[in-house]
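Please read the structure below before turning to the comments.
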Amino acid sequence: MGYAKVLLGLLLVTALAATSTTQTKLKCSKEGAKCTALIEYVSPNNTNITTIQSLFQVKKFRNLLGANNFPTSIPSDKNVNAAEKIRIPFTCLCANGTGVSNRKPVYKVQEGDFMYHIAKEVFSGLVTYQQIAEFNGVMDPSLINPGQELWIPLPCSCDEVNGIKVVHYGMLVDAGSTVEGIAEQYGTTSGTLLTLNNMTDPSELLAGQVLDIPLPACSSHVSNNSLDYPFLLANGTYVYTASNCVKCKCDSANNYTLQCEPSGLKSTNSDWTTCPVMQCQGADGLFIGNKTSSGCNQTSCVYSGFTSQTILTSLVTESICPVPSSPPAPSAAWRIGFQGLGWNFFLFISIQLIFLSLHLFQ
């Protein structure tokens with residue numbers, strides 16, 4: 001019986017090898033760099049949000065909600081329909097010119113599993129079975145056993161795009177999609193998408209392909225000694241940080257500036273009985289998320305990161321008065337018209353003076 005199962009698995013893998021999707025490897029040039037990335041998961045059947053959290057081993061349920069901009073009031077057993085798309089947040093690690101999820105998620109092989117099934121169906125084609133085998137040192141993909149643990153190397157990147165920090169989003173391409181349409185949807189250019197995804201022509205786009213999308217990230221004042229640095233949050237998402245004490249969100253309506261405030265939640269730091277005070281020094285009564293105005297200046301108390309001892313804050317002052325614009329320079333046509341009017345007016349006055357003089361000396 002065991003021999004027949006192994007043989008069946010071998011035949012299945014061999015038959016599907018020719019039809020498997022191209023291996024997705026996203027460029028990541030910063031060796032050893034880590035960042036938060038997103039990837040699109042399409043559930044193969046009806047499930048719930050907690051099951052998806054467990055499958056991808058997302059540490060905080062609220063951050064899975066935040067990646068999808070779901071209300072925090074959503075219950076853990078919220079239904080997710082088959083073929084529904086869910087964004088998964090995870091830590092990306094760059095090595096050898098590419099990026100993969102940092103040793104997570106890990107999948108435990110179930111009775112009757114084949115590696116192709118795990119890659120294509122359980123994880124909706126985000127990786128190929130060849131990649132799973134390669135990253136786990138499995139010489140023969142047909143020989144896996146129940147209880148065996150397999151690291152699923154999700155593709156990702158931490159690179160800047162055109163000199164700008166972004167959140168990389170691995171999107172599963174729908175049938176009928178075009179590079180131009182995707183670029184327009186996500187506010188980028190076709191050229192940028194082609195370059196990021198090692199494509200020379202838009203016709204190379206394939207349904208089911210994981211396409212690297214650079215999502216605009218909100219600017220922040222998080223210092224490089226903070227435990228959550230680099231703090232990159234994509235537009236339309238939120239996250240809980242600083243041991244659950246701070247909630248931050250990114251919204252293009254706020255000019256892509258990070259908005260943070262005390263979460264009101266209990267700290268997950270065992271050394272903090274309560275969340276540390278989040279008041280800015282030099283500003284009486286000004287806490288994270290508060291603002292005060294004086295004339296044209298607006299001062300904000302902003303989140304700057306956290307350490308094992310405290311939460312960091314900064315005072316940021318900016319001008320809120322509109323900058324007066326200079327009157328437009330007269331056009332060439334207007335100047336020419338004015339000059340013509342001036343000469344005609346001068347000639348008219350001169351003739352009138354001559355007639356007046358003749359009339360007076362008669």
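If you're wondering where the values come from, they're calculated on a predicted model, not measured in any experiment. FYI, the numbering just counts along the sequence from 1.
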For Lys30 against Cys94, the heavy-atom pair lying closest together: O-CB, 3.0 Å

Donor-acceptor contact below 3.5 Å, side chain Glu40 vs main chain Leu172: yes

Pair Thr51-Asn48, side-chain donor/acceptor within less than 3.5 Å: yes

Close side-chain approach of Val302 and Cys260, heavy atoms under 4.5 Å: no

Asn197 side chain to Asp212 backbone, donor-acceptor under 3.5 Å: yes

Donor-acceptor under 3.5 Å (Asn102 side chain, Leu93 main chain): no

Main-chain N/O of Phe70 paired to Tyr238 side chain as donor or acceptor, under 3.5 Å: yes

Closest non-hydrogen atom pair, Ala217 against Val167: CB-CG2, 4.1 Å

Ser101 side chain to Arg103 backbone, donor-acceptor under 3.5 Å: no

Least distance between heavy atoms, Ala82 atom then Asn46 atom: N-OD1, 2.9 Å

Close side-chain approach of Val100 to Gln131, heavy-atom, < 4.5 Å: no

No-hydrogen, no-angle side-chain donor-acceptor test under 3.5 Å, Ser203 and Asp201: yes

Main-chain N/O of Gly191 paired to Thr195 side chain as donor or acceptor, under 3.5 Å: yes

Heavy atoms of other groups near Glu184 CD, more than 12 under 6.0 Å: no

Donor-acceptor side-chain pairing of Asn225 and Ser223 below 3.5 angstrom: yes

Glu180 CD: over 12 foreign heavy atoms closer than 6.0 Å: no

Minimum heavy-atom distance Leu26-Val210, with the two atoms named: CD2-O, 4.4 Å

Phe61 and Thr50, any side-chain heavy atoms less than 4.5 Å apart: yes

Separation of SG atoms, Cys250 and Cys218, below 2.5 Å: yes

Test log, rule side-chain contact (heavy atoms from CB on, under 4.5 Å), inputs Tyr107 and Leu55: CA-CA 7 Å; Tyr107 177 78; Leu55 177 65; 4.2 Å; yes

Side-chain (Asn136) to main-chain (Val138) donor-acceptor, under 3.5 angstrom: no

Residues, nucleotides or ligands: over 12 heavy atoms within 6.0 Å of Lys60 NZ: yes

Heavy-atom donor-acceptor pair, Thr307 side chain to Gln309 backbone, under 3.5 Å: yes

Any side-chain heavy-atom pair of Phe306 and Val246 under 4.5 Å: no

Side chain proximity check, Ser243 to Trp272, heavy atoms < 4.5 angstrom: yes

Side-chain touch Lys59/Lys104, heavy atoms, less than 4.5 angstrom: no

Any side-chain heavy-atom pair of Ile152 and Ile132 under 4.5 Å: yes

Which atom of Pro146 lies closest to which atom of Glu111, heavy atoms considered: CG-OE1, 3.3 Å

Cysteine SG atoms at Cys275 and Cys245 closer than 2.5 Å: yes

Leu315 to Gln281 - nearest heavy-atom pair and separation: CD1-O, 3.3 Å

Residues Ser226, Asp228; criterion side chain to side chain donor-acceptor pair (under 3.5 Å); working and verdict: CA-CA 5 Å; Ser226 173; Asp228 56 5; 2.4 Å; yes

SG-SG distance Cys92 to Cys156 under 2.5 Å: yes

Side chain proximity check, Tyr186 to Pro214, heavy atoms < 4.5 angstrom: no

Gln110 side chain vs Lys108 backbone, donor-acceptor pair below 3.5 Å: yes

Donor-acceptor contact below 3.5 Å, side chain Gln57 vs main chain Pro105: no

Spacing of CD1 belonging to Ile52 relative to CD belonging to Glu84, to within rounding of 0.5 Å: 7.5 Å

Enclosure of Lys165 NZ (heavy-atom neighbours >12, cutoff 6.0 Å): no

No-hydrogen, no-angle side-chain donor-acceptor test under 3.5 Å, Asp159 and Ser29: yes

